[in-house]
> 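Supplied in structure tokens, the structure appears directly below.
The first residue of the sequence shown is numbered 1, and numbering continues consecutively from there. We use all heavy atoms of the structure for the numbers below, so side chains are in, but hydrogens, waters and symmetry mates are not.
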Amino acid sequence: MNNLQKKLTDWKGEQLITSIDEPTNSLICIGIHSSILGPATGGTRMQTYLTPEAAISDCLALSKSMTHKFALANFPRGGGKAVISVPASLTPTEKRGLLERYGQLLSRLKGLFYTGPDMGITPEDLNTMGHYAPDYVFCRTNASGQANNSGDATALGVLSAIKATVKYLEGVDDLKDKTIVVQGAGSVGSALIKLLLHEKSKVIFTDIHEPNERLISDGAVFVSPTKIYHQEGIIFCPCAQGGILDETNIQQLRCKAVVGAANNQLSHPEAIQQPQTN
């Protein structure tokens, strides 16, 4: 049994749908992990993966985590996720055509999978998909009558989780002068940093792109990605890609708890079993 076969066996999901978009040579993966509580639902992620196996592995892990999220919230949806692995050279015109064909695929699935935004997908992209599958695509633009970007709502949820964790650790949920270390300043991370600054928190953040000057002028402190794990604070908040915490950088953390928006934050479950020395 090869590594991918083992992952599929361990996944224990209902079905994995794969399709090659020939015009762009992109791989589309839709993981239907569970429909026990309701129709499988989860975001669509678009990015470049090194191998098809890496894209499929990400899809499997993300869809499984969606099952857990909905079950913990007692929300009547099942776990699903879509991953589209695209060439690094994909042009905007090619992307639009790909999303149109993906929307047609969602329509043919007739409600087997409901989707919204994830990394690499904008509300405008969802409009393109939703033109072909209007009943199965959410978080389209306000102009289309929907909620637009989900980043602000997600950030508010993470803020609530941070407050609950701080209250558990220290007895009060006041974040004033508490240092929060945020990894990633995309749509969720930047919105969260703004909320934390409003709470009078001290924020240290990083991103793989150019630092957000507006956040810095508002009081957040930027450090390089390689230094983020070494920052001292009460909460470490991963808001970029998942799978970032392993045996090595967990030992580097100088925070009391990890609370973030990133999915599947551990590189593998066994990573957390290492005793922390800090």
> Say whether Q104 and S107, considering side chains only, have a donor N or O and an acceptor N or O under 3.5 Å apart.
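No donor-acceptor contact under 3.5 Å links the two side chains.
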
> Can any side-chain N or O of N127 pair as donor or acceptor with the backbone N or O of T141 at less than 3.5 Å?
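Such a contact is found between N127 side chain and T141 backbone.
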
> Do the side chains of D174 and K167 get close enough for a salt bridge, i.e. N-O under 4.0 angstrom?
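Salt bridge: no.
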
> Under the side-chain contact (heavy atoms from CB on, under 4.5 Å) criterion, do L37 and R77 qualify, and how do the steps go?
CA-CA 5 Å; L37 295 182; R77 292 278 176 167; over 6 Å; no

> Take a 6.0 Å sphere around CG of N74 and say whether it holds more than 12 heavy atoms from other residues, nucleotides or ligands.
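No, CG of N74 has 12 or fewer neighbouring heavy atoms, counting only those of other groups under 6.0 Å.
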
> For atom NZ of K69, is the number of surrounding heavy atoms from other residues, nucleotides or ligands below 6.0 Å larger than 12?
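Correct, the count exceeds 12.
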
> Do V181 and L253 touch side chain to side chain, with heavy atoms closer than 4.5 Å?
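Side-chain contact under 4.5 Å: no.
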
> Taking CG in L50 as the centre, count heavy atoms belonging to other residues, nucleotides or ligands within less than 6.0 Å. Is the count above 12?
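Not more than 12 within 6.0 Å, no.
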
> Indicate yes or no for a side-chain donor-acceptor contact from R108 to the backbone of G103 under 3.5 Å, with no hydrogens or angles considered.
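Here the side-chain-to-backbone pair does not exist.
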
> Decide yes or no on side-chain contact (heavy atoms from CB on, under 4.5 Å) for I234 and V166, but give the supporting numbers first.
CA-CA 8 Å; I234 189 168; V166 170; 4.1 Å; yes

> Please report the closest heavy-atom contact between I30 and A82, naming both atoms and the distance.
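Heavy atoms only, the tightest pair is CG1-CB, 4.0 Å.
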
> Under a 3.5 Å cutoff, is there a donor and acceptor pairing between the side chains of E232 and T179?
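No.
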
> Are Y114 and F138 an aromatic pair, judged by ring center distance below 6.0 Å?
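No, too far apart.
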
> Is atom NE2 of H198 surrounded by more than 12 heavy atoms (other residues, nucleotides or ligands) closer than 6.0 Å?
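Counting neighbours around NE2 of H198, 12 or fewer heavy atoms of other residues, nucleotides or ligands fall under 6.0 Å, so no.
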
> Does the ring centre of Y102 sit less than 6.0 Å away from the ring centre of Y132?
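Ring-ring flag for Y132/Y102: false, centres at least 6.0 Å apart.
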
> Would you say the side-chain atoms of N263 pair up with the backbone N or O of L62, donor to acceptor, closer than 3.5 Å?
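Flag not set: sc N263 to bb L62 has no pair under 3.5 Å.
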
> Got a donor-acceptor contact below 3.5 angstrom from the T115 side chain to the G42 backbone?
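Checked: pair present.
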
> Work out which heavy atom in V158 is nearest to a heavy atom in C237; give both atom names and the distance.
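What the structure gives for the nearest pair is CG1-SG, 3.9 Å.
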
> Is any NZ, NE, NH1 or NH2 atom of the basic residue among K163 and E199 found under 4.0 Å from an Asp or Glu carboxylate oxygen of the other?
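Here K163 pairs with E199 in a salt bridge, since their nearest N and O are under 4.0 Å apart.
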
> Taking K81 first and then D118, would you say they form a salt bridge - that is, a charged N and a carboxylate O separated by under 4.0 Å?
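Yes, K81 and D118 are salt-bridged.
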
> Are any non-hydrogen side-chain atoms of R101 and T24 less than 4.5 angstrom apart?
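In contact.
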
> Short question: side chain of H33, backbone of W11 - any donor-acceptor pair under 3.5 Å?
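Checked: pair present.
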
> Judged by atom type as modelled, is there a donor-acceptor pair below 3.5 Å linking the side chain of D246 to the main-chain atoms of N249?
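Yes, because the side chain of D246 sits within donor-acceptor range (under 3.5 Å) of the backbone of N249.
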
> Does Q231 reach the main-chain N or O of I228 with its side chain, forming a donor-acceptor pair under 3.5 Å?
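Between the backbone of I228 and the side chain of Q231 there is no qualifying donor-acceptor contact (under 3.5 Å).
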
> Between the side chains of D125 and T122, is a donor N or O closer than 3.5 angstrom to an acceptor N or O?
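Indeed, the side chains of D125 and T122 share at least one donor-acceptor pair under 3.5 Å.
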
> Is any side-chain heavy atom of I216 less than 4.5 Å from a side-chain heavy atom of D218?
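No, side chains not in contact.
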
> Mind telling me whether Y229 and F236 have parallel, tilted or perpendicular rings, with 30° and 60° as the class edges?
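F236 and Y229: tilted rings.
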
> Check whether any side-chain N or O of S201 sits under 3.5 Å from a backbone N or O of K176 as a donor-acceptor pair, and report yes or no.
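Pair absent, no side-chain N/O of S201 close to backbone of K176.
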
> Looking at L16, is its backbone amide N or carbonyl O close enough to the side chain of T18 to form a donor-acceptor pair, meaning the two atoms are under 3.5 Å apart?
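No, T18 side chain to L16 backbone: no donor-acceptor pair under 3.5 Å.
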
> So does I36 have more than 12 non-hydrogen atoms from other groups sitting under 6.0 Å from CD1?
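Check fails, neighbour count at 12 or below.
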
> When rounded to the nearest 0.5 angstrom, what distance separates CG in L27 from SG in C59?
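One gets 9.0 Å once the value is rounded to the nearest 0.5 Å.
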
> List the steps and the verdict of side-chain contact (heavy atoms from CB on, under 4.5 Å) for Q15 and L112.
CA-CA 10 Å; Q15 58 182 305; L112 185 64; 3.7 Å; yes

> Is there a side-chain contact between R214 and S217, using heavy atoms and a 4.5 Å cut-off?
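The answer is yes, as the side chains (C-beta and beyond) meet within the 4.5 Å cut-off.
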
> Under a 3.5 Å threshold, yes or no: a donor from one side chain and an acceptor from the other, between S224 and T226?
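S224 vs T226: donor-acceptor pair found between side chains.
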
> Do K200 and D177 sit within salt-bridge range, that is, some charged N less than 4.0 Å from a carboxylate O?
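Between D177 and K200 there is no salt bridge, as every charged N stays at least 4.0 Å from the carboxylate O atoms.
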
> Show, in sequence, the C-alpha distance, side-chain angles and deciding distance for S85 and Q47, and conclude whether the side chain to side chain donor-acceptor pair (under 3.5 Å) test is met.
CA-CA 5 Å; S85 180; Q47 66 180 65; over 6 Å; no

> Side chain of T154, backbone of S150: donor and acceptor closer than 3.5 Å?
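Side chain of T154 to backbone of S150, a donor-acceptor pair under 3.5 Å: yes, one is there.
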
> Hey, is K256 close enough to E170 for a salt bridge, meaning N to O under 4.0 Å?
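Answer for the salt bridge query: yes.
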
